[in-house]
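For reference, the structure is listed below as structure tokens.
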2 protein chains.
Amino acid sequence: MARRTTDKRTAMLEGALVILARDGYTRASIDAIAAEADVSTRTIYNHFGDKAGLFEAVIEHSADRVAEAQLAVIDRHLWKVTDIETDLRDFGRAWATAIPEYADHFALVRQINAERGHIPDAAIERWQQTGPRRVRSALAARMKELSDRGLLKIDDPDLAALHFALLVSANDPSQPGVALADHDLDTMVDAGVHAFLHGYGG
Amino acid sequence: MARRTTDKRTAMLEGALVILARDGYTRASIDAIAAEADVSTRTIYNHFGDKAGLFEAVIEHSADRVAEAQLAVIDRHLWKVTDIETDLRDFGRAWATAIPEYADHFALVRQINAERGHIPDAAIERWQQTGPRRVRSALAARMKELSDRGLLKIDDPDLAALHFALLVSANDPSQPGVALADHDLDTMVDAGVHAFLHGYGG
DNA sequence: ACCGATGTACAACGTTCGTTGTAGAAATTA
DNA sequence: TAATTTCTACAACGAACGTTGTACATCGGT
């Protein structure tokens, strides 16, 4: 594949991500996406066939991108854990910081969750596999390690991974996708980690 | 207001909820909504002005409906708590059971979260106030009571309420809006309540 | 039984949008 | 430089949709 071809392709995928994340599948027009990507509409059709094909390609591309970043955060912070509380806090902060960093992606995820009934099952499955499921499995594996070493007490590692992710990014759901100030983010993560480790038992 | 008027109005609100929850704002056509509600399209415009007005009315109507149900669950289960673990489990099951019961509503919420940038702030604010915020406040107040009585140990009741709600309905996010079998739901709630009370500390 | 309000059927309008065909420009490769 | 692939500009289409006006039917209250 020539240099120009791949350049145009990523330009389309990234431009489409911006527009699709903001406007959703139905509202986003091919013209708007072409303008954002600085590309002719014809080129989009030549590359992706139709609008649905473009949507699916964008989903997979963005999911892969973000999954790699999250896997890197997992590897960097949970590779060598000594003090469970501080290390989990650091990991939680890195984890929660990455979310607003990929605001477009998570806006796209909200679009996917709204559009689910109108997206082919195969595409959903492909997305889950390259994105969320892969990340959650990796996190669960680390959780299991920590449990085996006696630093945590976990029955179901996959569920524990889900619980952790929920707790450390449990910001006010009235404003999803809005970045918190550093201080608020730290407070949220600290509270999440504390609840994860110690719960609210009296 | 005459009987016929209110009948037609609720028919429109409920029919619109079904279509909007399934198709989203842009994809849902007035014709489809009118057909679902067994009403002429003209009547919709006479009642709600335009499509946006209908959408906002549906949001508020559905949010109010579900909030009342959730408040009832809170009152019924957290009025008299003796054994914190069993009572929280019962409450969690009732809470999690109510969610698939109002599947349409929560599908609509997913649509709202996707459409947020295209909905007037005033409408979002109205929705948050009559729905989620009201429920979360009530739950937080109960949590604070339990904490004051020594049955829980809570610093931030509002955050604790959010954590509880997240944990007891933390089913596999790969299939949002899909009802779990009773057994799986119980397992999920039990694990959530356990994490809420005791955490995963080693 | 009558009257006013409310609902319906229908046609029409302007707009937006996905998609395709085509002819020519631009860049890549040989 | 020549050949081939890739991209662009542009026009055109058919379909779907929100919205409005209007004339007629229908129902609730008196």
Side-chain angles (χ1 to χ4, degrees), chain A residues 1-59 61 108 111-112 114-115 117-120 123, chain B residues 1-59 61 108 111-112 114-115 117-120 123:
Chain A
M1 208 162 27
R3 160 61 67 32
R4 186 166 57 141
T5 306
T6 71
D7 280 357
K8 290 283 174 187
R9 195 180 180 87
T10 68
M12 287 187 275
L13 288 172
E14 291 177 10
L17 171 61
V18 172
I19 302 298
L20 287 168
R22 199 186 53 199
D23 293 346
Y25 180 78
T26 316
R27 210 188 287 260
S29 74
I30 298 286
D31 282 335
I33 293 173
E36 178 76 24
D38 206 55
V39 151
S40 102
T41 66
R42 205 61 178 81
T43 303
I44 294 181
Y45 285 101
N46 286 342
H47 274 255
F48 303 102
D50 58 4
K51 199 185 181 183
L54 171 62
F55 191 36
E56 296 181 19
V58 169
I59 290 175
H61 182 256
L108 185 73
Q111 302 293 346
I112 297 172
E115 285 278 323
H118 304 280
I119 302 176
Chain B
M1 209 158 30
R3 162 59 93 347
R4 185 168 56 141
T5 306
T6 71
D7 280 357
K8 290 284 174 187
R9 194 178 181 88
T10 67
M12 285 187 277
L13 288 172
E14 291 178 9
L17 172 61
V18 172
I19 302 299
L20 287 168
R22 199 187 52 198
D23 293 348
Y25 180 78
T26 316
R27 211 188 287 259
S29 75
I30 298 285
D31 282 335
I33 294 173
E36 177 75 25
D38 208 54
V39 152
S40 99
T41 65
R42 205 63 179 81
T43 303
I44 294 180
Y45 285 101
N46 286 341
H47 273 255
F48 303 102
D50 58 3
K51 199 185 181 184
L54 171 63
F55 190 37
E56 296 181 18
V58 170
I59 290 174
H61 182 257
L108 185 74
Q111 302 293 347
I112 297 172
E115 285 278 323
H118 304 280
I119 303 176

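Sequence lines set the chain letters: A, B, ... in the order given, protein chains first and strands last, and positions in each chain run from 1. Computed from heavy atoms alone, side chains included, the values below leave out hydrogens, waters and symmetry copies.
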Minimum heavy-atom distance between [X] and [Y], given as atom pair plus value:
X       : Y      : value
I19(B)  : A28(B) : CG2-CB, 3.7 Å
V39(B)  : T43(B) : CG1-CB, 3.7 Å
V58(A)  : L17(A) : CG1-CA, 3.9 Å
A37(B)  : A11(B) : CB-O, 3.4 Å
Y25(A)  : L20(A) : CA-CD2, 3.9 Å
E115(A) : T26(A) : OE2-OG1, 3.8 Å

Check the surroundings of atom CG in D38(A): do more than 12 heavy atoms from other residues, nucleotides or ligands lie under 6.0 Å from it?
->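 No, because the 6.0 Å sphere around CG of D38(A) holds 12 heavy atoms or fewer from other groups.
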Separation of atom [atom1] in [X] from atom [atom2] in [N], rounded to whole Å:
X      : N       : atom1 : atom2 : value
K51(B) : dT15(C) : NZ    : P     : 18 Å
F48(B) : dT19(D) : CZ    : P     : 14 Å
I44(B) : dT19(D) : CD1   : P     : 11 Å
D50(B) : dC17(D) : CG    : C1'   : 14 Å

With the side chain counted from C-beta on, respond yes when D23(B) and Q111(B) share a heavy-atom pair under 4.5 Å apart, and no when they do not.
->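 Counting from C-beta outward, D23(B) and Q111(B) never come under 4.5 Å.
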For the atom pair CZ (R22(A)) and CD (E36(A)), what is the distance rounded to the nearest 0.5 Å?
->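 The CD atom of E36(A) is 7.0 Å from CZ of R22(A), to the nearest 0.5 Å.
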Starting at CD1 of I30(B), measure out to CD1 of I44(B) and round the result to the nearest 0.5 Å.
->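 The CD1 atom of I44(B) is 5.5 Å from CD1 of I30(B), to the nearest 0.5 Å.
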Find the bend of the helix from dA1(C)-dT30(D) to dA27(C)-dT4(D) as the angle between its two terminal axes (five pairs each), to the nearest 10°.
->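 Its terminal axes enclose an angle near 30°.
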Sub-4.0 Å heavy-atom contacts from residues 13-34 of chain B onto DNA chain D, ordered by number =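 By residue number: A28(B), S29(B), I30(B).
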For nucleotides 5-12 of chain D, read 5' to 3', which letter fits each nucleotide if B means a protein heavy atom sits under 4.0 Å from the base, S means only the sugar-phosphate is that close, and - means neither?
-> -BSBB---
